[in-house]
Amino acid sequence: MIRTLLDGLYLAAGYLAGLFLIVIFLLMMGLSLGRGIGINIPAGDDLASWSMAAMAFLGLAHTFRSGEMIRVGLVTDRLQGRTRWWFEIFSLTIGLGFVGFFAWHAVQLTYDSWRFNDMAQGVLAIPLWIPQIGYAAGLVILFIAFLDEFIHVLRGGDPRYEKPPATTAEEVVERAIQSGV
């Protein structure tokens with residue numbers, strides 16, 4: 001049940017990131033087309049930048065769990081057995097520390113913005129904690145994903161964030177095409 005809940009959380013965050021991508025597209029198209037016909041979208045740039053931050057951070061956990069996050073496997077791929085397991089635990093511990101640090105401070109920043117009623121300085125006077133929620137929530141969900149993987153690997157499971165090595169030349173080409181390389 002917890003596995004289903006966590007996977008649903010990561011997927012929901014990924015879909016929400018996709019929704020913000022659509023919002024960015026619509027805003028940018030509206031801003032571009034509006035200039036030509038004399039229509040202005042007040043605070044369109046602010047809304048687009050807040051949407052970009054939300055999209056980027058909300059998509060992190062889903063990207064991590066899908067094995068699509070950029071990973072340097074130069075060392076890891078050469079290790080085997082218990083040495084590789086220790087290196088994965090070490091890497092996940094470092095990742096947990098960094099992501100936890102940033103998630104803590106993102107939540108603190110959002111809370112302080114709410115507590116002090118900090119307002120945006122642009123055309124649209126909106127409480128800053130509202131656009132900061134996407135940033136903070138994305139980092140908290142990424143921290144949960146790191147913790148989830150840490151516990152899974154600590155129990156002896158293979159990392160789920162790592163795709164198995166390609167076995168055929170066609171698979172290598174397909175992965176290169178999908179990654180945009």
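Here the closest non-hydrogen pair linking Phe146 and Gly95 is CE2-CA, 3.7 Å. Among all heavy-atom pairs drawn from Ala48 and Ile24, the shortest one is O-CG1, 4.0 Å. Among all heavy-atom pairs drawn from Met119 and Ala125, the shortest one is CE-O, 3.7 Å. Nearest heavy-atom pair, Tyr10 versus His62, reported as atom, atom and distance to 0.1 Å: O-CB, 3.4 Å. Across all non-hydrogen atoms, the minimal contact from Ala61 to Ala145 is CB-CB, 4.1 Å.
In this structure, the separation between CG on Asp46 and CG on Leu27 is 10.5 Å, given to the nearest 0.5 Å. Distance CH2/Trp129 to CG/Asp118: 12.5 Å, rounded to 0.5 Å. Interatomic distance, CG of Leu147 versus CG of Leu6, reported as 9.0 Å (0.5 Å rounding). Taking NE2 of His105 as the start and OG1 of Thr110 as the end, the distance is 12.5 Å to the nearest 0.5 Å. Going from atom CG of Asp148 over to atom CD1 of Ile2 covers 9.5 Å, rounded to the nearest 0.5 Å. Phe64 contributes atom CZ, which lies 9.5 Å from atom CZ of Arg160 (distance to the nearest 0.5 angstrom).
Other residues, nucleotides and ligands contribute more than 12 heavy atoms inside 6.0 Å of the CG atom of Asp112. The number of heavy atoms from other shown groups lying within 6.0 Å of CZ (Arg3) is above 12. Crowding of Trp85 atom CH2: a count of heavy atoms from other residues, nucleotides or ligands under 6.0 Å exceeding 12.
Hydrophobic clustering, with ILVMFWY side chains joined whenever heavy atoms are under 4.5 angstrom apart, keeps Leu60 apart from Leu58. Taking hydrophobic clusters as Ile, Leu, Val, Met, Phe, Trp and Tyr residues chained together by side-chain heavy-atom distances below 4.5 Å, Phe116 does not share a cluster with Ile130. Cluster membership for Trp86 and Leu96, using ILVMFWY side-chain heavy atoms within less than 4.5 angstrom, is shared. If you chain together hydrophobic residues whose side chains sit under 4.5 Å apart, Leu9 and Leu5 never meet in one group. Linking ILVMFWY side-chain heavy atoms closer than 4.5 Å, directly or via other members, places Leu33 and Ile41 in two distinct hydrophobic clusters.
Residues Trp114 and Leu128 have side chains not in contact (no heavy-atom distance under 4.5 Å, counting atoms from C-beta outward). Using a 4.5 Å heavy-atom threshold, the side chains of Arg65 and Asp7 count as touching. Side-chain contact check for Tyr161 versus Leu92: some heavy-atom pair is nearer than 4.5 Å.
Judged by distance alone, with hydrogens and angles left aside, the side-chain atoms of Ser49 form a donor-acceptor pair with the main-chain N or O of Asp45 at under 3.5 Å. Put simply, the side chain of Gln108 never gets that close to the backbone of Trp104: no donor and acceptor are under 3.5 Å apart. Side chain of Gln80 to backbone of Arg78: no donor-acceptor contact under 3.5 angstrom is found. His152 places a side-chain N or O within 3.5 Å of a backbone atom of Asp158 that can act as its donor or acceptor partner.
Classification of the Phe102-Phe98 ring pair by plane angle, with boundaries at 30° and 60°, yields parallel.
Take Tyr135 and apply the side chain to side chain contact (heavy atoms under 4.5 Å, CB included) test, not counting sequence neighbours, and it matches Phe57, Ala106, Leu109, Leu139.
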Quiz item: Could you go step by step and tell me if Leu26 and Val23 meet the side-chain contact (heavy atoms from CB on, under 4.5 Å) rule?
Solution: CA-CA 5 Å; Leu26 294 174; Val23 168; 5.8 Å; no
